[in-house]
Amino acid sequence: MNYSLFIIILISVLSQQVEPVAEKKPNIVFILVDDLGKEWISTYGAEDVTTPHIDALARSGTSFNNVYSMPQCTPTRLTLLTGQYPFRHGWVNHWDVPRWGGQAHFDETKHPSLGAEMKKAGYRTCVVGKWQIDDFRVEPDAMTRAGFDEYCMWTGWEEGNDPSQERYFDPYIFTKEGSKTYKGEFGPDIFSDFIVSFIKERKKELNAARPFFVYYPMVLTHTPFTDTPDEKADTPLGKHKAMVRYTDKIVGKLVTALTEAGLLENTIIVFTTDNGTTSAISGRYNGRLVKGGKAHTTENGICEPFIVSWKNHIEPDTKSEALIDFSDIFPTFLDLAGMKVGKTWRSDGATHIVDGRSFKQALLKSTDRSKRSWILGMGGGNNARLTEKGVENKYKFRDRVVRNERYKLYIDSNRKPEKFIDLREDPEEKINLLDSLTNGERKANFSKLMAVVKSFPEKDSDPKYRLNPVQPWDVEVTAESQVWKK
């Protein structure tokens, strides 16, 4: 053989041998329970129910203790989908799009969308459960435009369509085949079966490079209180407990499906809830009775259970005090998908501010530190009206809370401090320390949190969207744009 040719071939072979292998992207399954506080998860200290499958998930990964959602459905969901706070994306209040309409909707051209960005990162995407920020009668392609390849959704309560009220027994569900009632079936079973089928399909692609992202915003445990296929109860509390146990059962079902498909080791499972429990229910939690905190910015309304498991990557059976809020979900999932997110994100020609920060390192290193020194909770309630220009929020600046590792500051709609709480000494938030700031440490922490508040925009945004066509079920215009605001 020609010596020069031999050297060329040898160099070529060696270079191929040392070429780095691209790291395989993890699958992500994101479970978001509806209306359930920590007082109903036994690994967090719940005493009135046991959740063995969720507890097992916690033992296999990390349980985070300081994670803030927003206090109600709409602001929480828009925040995790966009990586933006409610004061920026505008959906400060709850607005039930299928029920109230008003030409409103989640407009993926005005915001980044987690589903769409995960798809751009190379993921096959699936969403199952509750959406409620689009009306599928008006936008039958809403889920596709939001970035999801596969979907199976409760439509939400569509005004004028009584069957659509049902999400549990005889549920009304929207798929690629359209919307219909599934007579004699239980909605949570349909949703979880859809995910199991999606996982089985991915098993067939086991050697393929394409990972998957499942977003599962459950319909459980939101009211109406219901029996389940496993239990019947005579009281709201009894039905609620049955719903919690069924939620736990579904978590176990999904973990089993991933295990049987051989996909568990490369799948990150995230379990959390969108806000606290309905105030109609109280549960014993770490030795005290806790009333549900939904729609409130107290800890029982916004400090949610948050469990992350990734076999052989996240240290098992650990707890973290890292500060995280729901704006961080968008940049963290994209970071795990190999996409670095800074303070802005460019999507389809538009540049968007991102309020969230990735907590990937807090996950993988099991530390008590994230990139944050504070977290935020705000919004909720029905303090919005339809104006001639669209849905607007009642307050120019909505009340909110900011907190650090120990202290929590309540701010009113005039940007003034209302309460200052030491959460370490007063977890029930009964003692207002605003008149006791002579202590040097308290005063320093108060000043730091006030500086955060001063960094927020003077005026909150209203929901941003291109107007959908007028519909006969739209609520009436009841306020004059901007004039009605407080």
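All residue numbers refer to positions in the sequence shown, counting from 1.
- Only one option out of E321, Q361, E405 pairs with R369 in a side chain to side chain donor-acceptor pair (under 3.5 Å); it is E405.
- Among residues two or more places apart in sequence or in another chain, the side chain to side chain contact (heavy atoms under 4.5 Å, CB included) test is passed with P305 by K38, I41, Y44, T273.
- Partner of N93 under the side chain to side chain donor-acceptor pair (under 3.5 Å) criterion, out of Q72, K394, R398: R398 alone.
- A 6.0 Å sphere centred on NZ of K443 holds no more than 12 heavy atoms belonging to other residues, nucleotides or ligands.
- The stretch residues 410-419 participates, sequence neighbours left out, in no salt bridge (charged side-chain N to carboxylate O under 4.0 Å, His left out) pair at all.
- Ring-centre distance between F87 and Y85: below the 6.0 Å cut-off.
- Residues forming a ring pair (Phe, Tyr, Trp, His ring centres under 6.0 Å) with Y215 (at least two apart in sequence, or on another chain): F30.
- Every residue meeting the ring pair (Phe, Tyr, Trp, His ring centres under 6.0 Å) condition with F198, not counting sequence neighbours, appears here in chain and number order: F212.
- The side chain to side chain contact (heavy atoms under 4.5 Å, CB included) test applied to S373 returns no partner, not counting sequence neighbours.
- Listed by chain and residue number, H94, W95 satisfy the ring pair (Phe, Tyr, Trp, His ring centres under 6.0 Å) test with W100 (two or more places apart in sequence, or in another chain).
- For Y246, the ring pair (Phe, Tyr, Trp, His ring centres under 6.0 Å) criterion is met by F186, not counting sequence neighbours.
- K291 and H296 are not linked by any side-chain donor-acceptor pair at a separation below 3.5 angstrom, with hydrogens and angles left out of the test.
- With sequence neighbours excluded, the residues that form a side chain to side chain contact (heavy atoms under 4.5 Å, CB included) with R442 are Y407, F420, L433, S436, L437, N439.
- Scanning for side chain to side chain donor-acceptor pair (under 3.5 Å) contacts around R77 gives D34, D274, with sequence neighbours left out.
- With sequence neighbours excluded, no residue satisfies side chain to side chain contact (heavy atoms under 4.5 Å, CB included) with P472.
- Within the structure, the ring-ring contact (aromatic ring centres under 6.0 Å, His included) test picks out the following pairs touching residues 353-384 (sequence neighbours left out): F306-F359, W374-F456.
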Taking only distance into account, with no hydrogens and no angle test, what donor-acceptor pairs under 3.5 Å do side-chain atoms of residues 133-142 form with protein atoms, sequence neighbours excluded?
{"unit_1": "D134", "atom_1": "OD1", "unit_2": "F106", "atom_2": "N", "d": "3.4"}
{"unit_1": "D134", "atom_1": "OD2", "unit_2": "W131", "atom_2": "NE1", "d": "2.8"}
{"unit_1": "D135", "atom_1": "OD1", "unit_2": "R137", "atom_2": "N", "d": "2.9"}
{"unit_1": "D135", "atom_1": "OD1", "unit_2": "R137", "atom_2": "NE", "d": "3.1"}
{"unit_1": "D135", "atom_1": "OD2", "unit_2": "R137", "atom_2": "NE", "d": "3.4"}
{"unit_1": "D135", "atom_1": "OD2", "unit_2": "R137", "atom_2": "NH2", "d": "2.8"}
{"unit_1": "D135", "atom_1": "OD2", "unit_2": "W473", "atom_2": "NE1", "d": "3.3"}
{"unit_1": "R137", "atom_1": "NH1", "unit_2": "E159", "atom_2": "O", "d": "3.0"}
{"unit_1": "R137", "atom_1": "NH2", "unit_2": "P98", "atom_2": "O", "d": "3.1"}
{"unit_1": "E139", "atom_1": "OE1", "unit_2": "H105", "atom_2": "ND1", "d": "3.4"}
{"unit_1": "E139", "atom_1": "OE1", "unit_2": "N468", "atom_2": "ND2", "d": "3.2"}
{"unit_1": "E139", "atom_1": "OE2", "unit_2": "H105", "atom_2": "ND1", "d": "3.2"}
{"unit_1": "E139", "atom_1": "OE2", "unit_2": "R145", "atom_2": "NH2", "d": "2.5"}
{"unit_1": "D141", "atom_1": "OD1", "unit_2": "R145", "atom_2": "NH1", "d": "2.6"}
{"unit_1": "D141", "atom_1": "OD2", "unit_2": "R145", "atom_2": "NH1", "d": "3.2"}

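- The 12-atom threshold is not exceeded at NZ of K448, counting heavy atoms of other residues, nucleotides or ligands nearer than 6.0 Å.
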